[in-house]
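Fair warning: this is a prediction, and the values are worked out from it, not measured in the lab. Residues: numbered from 1 along the sequence shown. As the structure lists them, so they are numbered: ligands from 1, and atoms in each ligand from 1.
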Amino acid sequence: MKHRGTLVVVSGFSGAGKGTLMKELVARYDNYALSVSMTTRAPRPGEQEGISYFFVERDEFEQTIAQDGLVEYASYCGNYYGTPRRWVEEQLAAGKDVILEIEIQGALKVKQKFPEALLLFVMPPTAKELKRRLTARGTESEAVILSRMERAVQEAEGIEEYDYIIINDELEECVAQMHAIIGMAHNRPAQNVEFIDSLRQELGVLVKGEK
Ligand code: 5GP
C-alpha cells in the first residue's frame with residue numbers, strides 16, 4: 001500500500017552531530033529526502049550552494065517569506081533560516097520521508113501546521129562532549145561557539161515538545177534507531193487515513209450483507 005511520506009523534523013544542539021547522522025541515514029536507505037534550507041548565513045569552507053544550503057541575501061529571503069514560499073523560517077544567531085515549501089510538498093506526495101534539519105522555533109511551527117509530523121531531538125552524550133565537538137570543527141570563532149552554547153541552553157528547555165530524543169553516542173546505532181522510529185511512524189492512523197476509510201467502508205458493506 002502506498003502512503004504519503006512522513007514529515008520528519010530533526011533538531012538538536014549545534015555540534016550534536018545531526019549533519020553526519022543525516023548524511024548516513026540518507027546514504028543507507030532510499031526512502032529519505034533531505035530538505036535543503038535557504039539561509040542568509042555565509043557559507044563555511046567546503047559548503048556547496050544548493051547542497052548544503054541555498055545561500056541568499058536578506059532581501060531575497062524576505063521576498064520568499066512574502067511570497068509564502070517557506071514552510072517555516074526562523075532567526076538563529078543573527079541569520080535567517082527557512083524551509084522551501086514546494087520541494088517538500090512534492091516529495092511527501094511522492095511517498096518520500098522528508099527530513100527537515102531545523103532548529104526549535106521552526107520545529108514548533110511545523111508541529112502546529114502539520115500535527116502528524118514526527119519530531120526528533122538529537123542530543124550529545126554529555127555537555128562537555130558538545131563543547132568539544134563544536135571546538136573541534138575549527139570553523140567558528142570563540143564568540144560564535146559561545147553564542148551556540150548559549151542557544152543550546154535555551155533549546156534544552158523545549159525538548160519535551162519532541163516525540164523522541166536520540167542520543168548521538170555511537171553513529172551506527174543512532175542511524176539504526178532513527179530509521180526504526182521513522183518506520184514505526186508509518187503505522188500511525190494519521191498517516192493511513194485512506195486505508196482506514198476504505199476498510200471501514202468494506203466492513204460496513206460486509207456487515208450489511210450478513211444481515
Ligand atoms: P548552521 O548554521 O549550523 O548550519 O545551522 C544553525 C541552526 O539552524 C541549526 O540548528 C540548523 O538545524 C538550523 N536550521 C537549518 N536550516 C533551517 C531551516 O530551514 N529552518 C530552521 N528553522 N532552522 C534551520
Proximal ligand 1 atoms for Arg41, defined as those under 4.0 Å from one of its heavy atoms:
1 (P), 2 (O), 4 (O)
What are the atoms of ligand 1, with element, lying closer than 4.0 Å to any heavy atom of Ala74?
22 (N)
Could you list the donor-acceptor pairs under 3.5 angstrom formed by side chains in residues 117-126, with sequence neighbours left out?
residue	atom	partner	partner atom	Å
Thr126	OG1	Glu129	N	3.0

Using a 4.0 Å heavy-atom threshold (strictly under), name the region of Tyr76 that reaches ligand 1: side chain, backbone, both or neither.
side chain
Nearest-contact summary for atom 13 (C) of ligand 1 - protein heavy atom, Å
Glu103 N, 3.6 Å
When you measure from the side chain of Lys96 to the backbone N and O of Val88, does any donor-acceptor pair fall under 3.5 Å?
no
Quick check on Ile145: does its CD1 atom have over 12 non-hydrogen neighbours (other residues, nucleotides or ligands) under 6.0 Å away?
yes
What protein heavy atom lies closest to atom 21 (C) of ligand 1? Include the residue and the distance to one decimal.
Ile102 CB, 3.4 Å
Short N-O contact, Lys18 and Glu103, less than 4.0 angstrom:
no
Identify the two heavy atoms, one from Arg85 and one from Val71, that lie closest to each other, and give their separation to 0.1 Å.
CA-CG2, 3.5 Å
Checking a contact table here: which protein heavy atom is nearest atom 19 (O) of ligand 1, and how many Å away?
Ser37 OG, 2.6 Å
Which bit of Arg148 is near ligand 1, meaning a heavy atom under 4.0 Å away: side chain, backbone, both or neither?
side chain
What do you reckon, does Tyr73 have a nitrogen or oxygen under 3.5 Å from a nitrogen or oxygen of ligand 1?
no
Donor-acceptor under 3.5 Å (Ser11 side chain, Ile102 main chain)
yes
With the side chain counted from C-beta on, respond yes when Tyr76 and Thr39 share a heavy-atom pair under 4.5 Å apart, and no when they do not.
no
If you count the atoms of ligand 1 from 1 in the order shown, which ones are under 4.0 Å from a heavy atom of Gly82?
18 (C), 19 (O), 20 (N)
What is the closest protein heavy atom to atom 5 (O) of ligand 1, and at what distance does it sit?
Tyr53 OH, 3.3 Å
Starting from atom 10 (O) of ligand 1, find the nearest protein heavy-atom neighbour and note its residue, name and distance.
Lys18 NZ, 3.3 Å
Going by heavy atoms, is Arg44 under 4.0 Å from ligand 1?
yes
Can you pull out the closest protein heavy atom to atom 12 (O) of ligand 1? Residue, atom name and distance to 0.1 Å, please.
Glu101 O, 3.2 Å
Is ligand 1 under 4.0 Å from a heavy atom in the side chain of Glu72, in the backbone, in both, or in neither?
side chain
Are Glu49 and Phe54 side-chain neighbours, meaning at least one heavy-atom pair lies under 4.5 Å?
yes
Asn192 side chain to Arg188 main-chain N or O, any donor-acceptor pair under 3.5 Å?
yes
Ligand 1-proximal atoms of Glu155, by part, heavy-atom distance under 4.0 Å
neither
Can you list the atoms of ligand 1 that are under 4.0 Å from a heavy atom of Thr83?
19 (O)
Just to verify, what does Glu72 make a salt bridge (Lys or Arg N to Asp or Glu O under 4.0 Å) with, not counting sequence neighbours?
none
